[in-house]
Amino acid sequence: MTNASAGDPGWRGHAPGSPEYRRIIVALFAAGIAAFCQLYSAQGMLPSLARDLAVTEPQSALSVSAATGGLALAVLPWSIVADRLGRQRALTIAMIAAVVLGVAVSLAPDFAWLLALRAAQGAAIAGIPATAMAYLSEELTPAGVATAAGLFVSGNTVGGLSGRLVAGPLGELASWRFGFGAVTVIAAIAAVVFILASPPARGFVPERAVRGMTAAGAPLTFRAKLGAVLRSRQLLALYGQALLLMGGFVAVYNYLGFRLEAPPLLVAPALTALVFIAYLAGTFAAPRAGRLALRFGRLRTLLGGIALMLAGLALTLITWLPTIITGLVVLTAGFFVAHAVASGWISTFAPTGRAQATGLYNLGYYGGSSLFGWAVGLAFAPFGWTGVVVCVAALSLIAAGWAALALRPATRR
């Protein structure tokens, strides 16, 4: 892997099927694993964290929200770093920093230090999602971006699943320190794969070499780029999808473990983490979202994904473990279809300032995870699982209405 120092003015992107295209897919798949196995590893250990550290359910969920909150706050600064240093170098720095902080998290002396280090780790991880989609849009042909975005999201699901499945049982059988430590090893291996697999960048010139220019010939500043991507109602709607859908999705996974371990289900704590196998539905669904969008249109596919989320959510209300797991699978597939479509749609409305547009999408995505992933728990304590379902359904319906109003004219054009 080398960082671009000069761009190719006639560059149109690696085409699907080429060796470089396949190398980029492998590299970004590994980047997704490196990021998300660490980001959500705490989610598989929330019941054991609550017991070991003597904190409440919403307080234990802060170990997830701290990381996603740190990520949300750091995505825009990372977009500046990516513009100045190049996408590949930014991705590499982010992965290495996250691994180093992952070691520190496993050594945290108490809950307060755990939250502080998780927030710092989330800020480091932010460089991966903040940069990855811009990297894809610049290095691949337009025809290959939608499928590649789905495969990147698929890597996210594999990382999220592996982090939960490794950390959860280890946290229960040994301690949460072993859980975090094992996940850090996985992230380190994935980072090495990214560094070795990614080909030299050809579609981007770091700003220190060639700055973006306005029509008048003046440098296109960060503020100008940010203003451009904040004035688009279509982009605002896509940011809204990230905020609301991700917030509801994370809330379901945050609090489902507490429901499963409580009466009348009484699932053994060591087995609770196995429900995260439902994440494989996202691995299956995300790459197919691009093909569905080409066939049925992006808006219909996005709304279809939200409809699947609502259907799966309804199934989790039935107090029977097979039905709950089925509902979780359906909800997960629906969420990743919607997320893959929305994230891949960003570049369409952001001909300039793509890194900033991607950063704002991720700000909404992880801001929603941090805010609603914790706040929905305030309904769990007094109203139980029904309170969680009602809150998440409301978030999903608002997201669907927003998309239908703001994105339909763009679809007709």
Side-chain angles (χ1 to χ4, degrees), residues 1 27 29-46 48-53 55 59-75 77-78 81 85 88-132 155-156 158-197 273 276 366 369-370:
M1 185 276 291
F29 191 87
I33 292 174
F36 291 90
C37 71
Q38 296 181 97
L39 187 65
Y40 290 112
S41 56
Q43 202 170 49
M45 300 185 289
L46 292 184
S48 60
L49 277 171
R51 289 192 300 270
D52 294 347
L53 298 173
V55 294
Q59 285 175 325
S60 69
L62 288 174
S63 62
V64 179
S65 293
T68 55
L71 192 157
L73 294 175
V75 285
W78 270 110
V81 173
L85 300 182
Q88 285 174 304
R89 185 173 294 175
L91 285 164
T92 302
I93 292 171
M95 284 184 235
I96 293 172
V99 168
V100 172
L101 286 164
V103 174
V105 166
S106 67
L107 301 174
D110 54 37
F111 187 62
W113 269 103
L114 175 67
L115 295 184
L117 288 168
R118 285 284 289 165
Q121 186 182 36
I125 292 171
I128 301 171
T131 308
N156 297 351
V158 171
L161 174 63
S162 62
R164 292 166 171 97
L165 288 182
V166 169
L170 279 176
E172 186 63 35
L173 299 175
S175 79
W176 55 269
R177 298 182 189 277
F178 282 94
F180 281 124
V183 167
T184 301
V185 173
I186 295 173
I189 294 171
V192 171
V193 171
F194 171 83
I195 293 170
L196 295 177
F276 292 113
Y366 297 106
S369 171
S370 181

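Heavy atoms of other residues, nucleotides or ligands lying less than 6.0 angstrom from CZ of Phe111 number more than 12.
Of all non-hydrogen atoms in Leu170 and Ala182, the two that sit nearest each other are CD1-CB, 3.6 Å. Minimum heavy-atom separation, Ile186 to Cys37: CG2-SG, 4.1 Å. Looking at every heavy atom in both residues, Ile128 comes nearest to Ala35 through CD1-CB, 3.6 Å. Counting all heavy atoms, side chain and backbone alike, Arg177 lies closest to Leu107 at NH1-C, 3.3 Å. Taking both residues in full, the closest heavy atoms of Gly127 and Thr131 are given as O-OG1, 2.8 Å, listed atom of the first, atom of the second, then distance. The two atoms that bring Val183 and Ala167 nearest to each other are CG2-CB, 4.0 Å, heavy atoms only.
Looking only at distances, a side-chain donor or acceptor of Arg118 sits under 3.5 Å from a matching main-chain atom of Leu39. Although no hydrogens or angles enter the test, the distance criterion places a donor-acceptor pair under 3.5 Å between the side chain of Trp78 and the main chain of Ala123.
At least one side-chain heavy atom of Leu71 sits less than 4.5 Å from a side-chain heavy atom of Pro129. Between Ser63 and Trp176, the closest side-chain pair of non-hydrogen atoms is not below 4.5 Å. Under the 4.5 Å side-chain criterion, counting only non-hydrogen atoms from C-beta, Val99 is not in contact with Met95. Side-chain contact check for Phe29 versus Val158: some heavy-atom pair is nearer than 4.5 Å. The closest side-chain heavy-atom distance from Leu62 to Val55 is not below 4.5 Å.
In this structure, the separation between CG on Leu91 and CG on Leu85 is 11.5 Å, given to the nearest 0.5 Å. For the atom pair Ser106 OG and Leu114 CG, the distance stands at 10.0 Å (nearest 0.5 Å). Here the OG-CD1 distance, from Ser162 to Ile33, works out to 6.0 Å after rounding to the nearest 0.5 Å.
Not counting sequence neighbours, the partners of Ser370 by the side chain to side chain contact (heavy atoms under 4.5 Å, CB included) test are Ser65, Thr68.
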